[in-house]
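Everything numeric here is computed off the predicted structure, so don't read it as measured data. Below, each value reflects all heavy atoms present in this structure, side chains not excepted, and no hydrogens, waters or symmetry copies.
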Amino acid sequence: MGELLGYARVSTTEQSVDAQRDALTAAGCARVWVETASGATTSRPELSDLFSHLRSGDTLVVWRLDRLGRSLPHLLQTVEDLESDGVGFRSLTESIDTTTSGGKLIYSIFGALAEFERNLIRERTQLGLASARAQGRLGGRPRAMSDAKIKQARRMRAGGMSLADIRDVVGVSRSTLYRYLK
């Protein structure tokens, strides 16, 4: 059996991490990494350091799920990565422990819900695009050059004007101009 290693996070310096640290220590964590960072922040040095200390058989413990993951898909991916390394995961508030069969069941339900949510978003997006097309609207990024600008650029090029001068006149980047002049 490996060690229990804790992770506590608050979003701002005005918040206190004491309650999280106390709960993690009471749960038996040998060490607790503490971080002050927004959940949306991808750069979390303390969490990275914690990951470097985790070994097969260890369990990562958090006070609450939202302390670890930015979103449900991110959280699920993180727990899957831990599991593939032989590391368990435990959330004290939600009573999830992937080292037990009941915890694995709850985790699987979360995974199914996240997949369901992704599928709903995909379906809504497809319906919205189909509806827009039916109304004559095209999706995607607007063209950088209108047909009139393309004709103008071709005439200028045929007249011997340099590409740099043409770019300045029509107001597009070099790669965009090359793409439209092909």
Side-chain angles (χ1 to χ4, degrees), residues 1-133 137-142 175:
M1 176 104 177
E3 289 186 306
L4 299 178
L5 300 176
Y7 177 70
R9 181 184 62 79
V10 291
S11 299
T12 66
T13 54
E14 290 82 33
Q15 296 173 320
S16 172
V17 76
D18 294 341
Q20 292 180 55
R21 187 189 338 243
D22 292 346
L24 293 167
T25 302
C29 290
R31 182 173 168 195
V32 176
W33 279 256
V34 176
E35 190 131 54
T36 301
S38 167
T41 303
T42 55
S43 172
R44 293 195 259 168
E46 291 298 315
L47 184 59
S48 296
D49 186 53
L50 166 59
F51 285 155
S52 72
H53 283 79
L54 289 167
R55 302 291 175 251
S56 183
D58 288 347
T59 301
L60 169 59
V61 184
V62 294
W63 176 62
R64 210 168 70 193
L65 286 173
D66 67 349
R67 302 297 84 197
L68 181 62
R70 297 187 304 273
S71 64
L72 183 56
H74 176 256
L75 178 66
L76 293 170
Q77 184 60 55
T78 301
V79 174
E80 283 177 27
D81 292 346
L82 291 170
E83 192 170 275
S84 70
D85 291 338
V87 175
F89 172 73
R90 184 183 300 168
S91 173
L92 301 176
T93 304
E94 291 85 4
S95 300
I96 296 173
D97 185 348
T98 63
T99 64
T100 68
S101 17
K104 284 182 183 176
L105 172 65
I106 297 297
Y107 172 74
S108 297
I109 291 170
F110 279 153
L113 289 172
E115 183 178 349
F116 176 69
E117 179 184 12
R118 283 191 301 272
N119 288 336
L120 282 178
I121 291 169
R122 187 178 305 115
E123 287 174 12
R124 287 185 197 126
T125 301
Q126 293 302 324
L127 286 172
L129 290 172
S131 174
R133 280 191 297 271
R137 292 192 316 255
L138 297 176
R141 188 176 189 168
S175 59

Could you go through Tyr7 and Glu35, starting from their C-alpha distance and side-chain angles, then the distance that decides it, and tell me whether this counts as side-chain contact (heavy atoms from CB on, under 4.5 Å)?
CA-CA 8 Å; Tyr7 177 70; Glu35 190 131 54; 2.8 Å; yes
If you take all heavy atoms of Arg21 and Val32, which pair is closest and at what distance?
CG-CG1, 4.4 Å
Closest non-hydrogen contact found for Asp81 with Ser84 is O-OG, 2.8 Å
Which pairs, with at least one residue in residues 46-57 and sequence neighbours excluded, count as a salt bridge (Lys or Arg N to Asp or Glu O under 4.0 Å)?
Arg31-Asp49
With heavy-atom distances below 4.5 Å as the criterion, would you say the side chains of [X] and [Y] are in contact?
| X | Y | result |
| --- | --- | --- |
| Phe89 | Leu65 | yes |
| Trp33 | Leu47 | no |
| Glu80 | Gln77 | yes |

To the nearest 0.5 angstrom, please state how far the [atom1] atom of [X] sits from the [atom2] atom of [Y].
| X | Y | atom1 | atom2 | result |
| --- | --- | --- | --- | --- |
| Arg44 | Leu68 | CZ | CG | 6.5 Å |
| Arg67 | Leu75 | CZ | CG | 12.0 Å |
| Thr25 | Leu4 | OG1 | CG | 11.0 Å |
| Gln15 | Gln20 | CD | CD | 8.5 Å |
| Ile106 | Thr98 | CD1 | OG1 | 12.5 Å |
| Ile96 | Lys104 | CD1 | NZ | 14.0 Å |

Could you walk me through whether Trp63 and Val17 pass the side-chain contact (heavy atoms from CB on, under 4.5 Å) check?
CA-CA 10 Å; Trp63 176 62; Val17 76; over 6 Å; no
As a test of understanding, state which of Leu82, Asp85, Leu5, Leu50 forms a side-chain contact (heavy atoms from CB on, under 4.5 Å) with Asp58.
Leu5
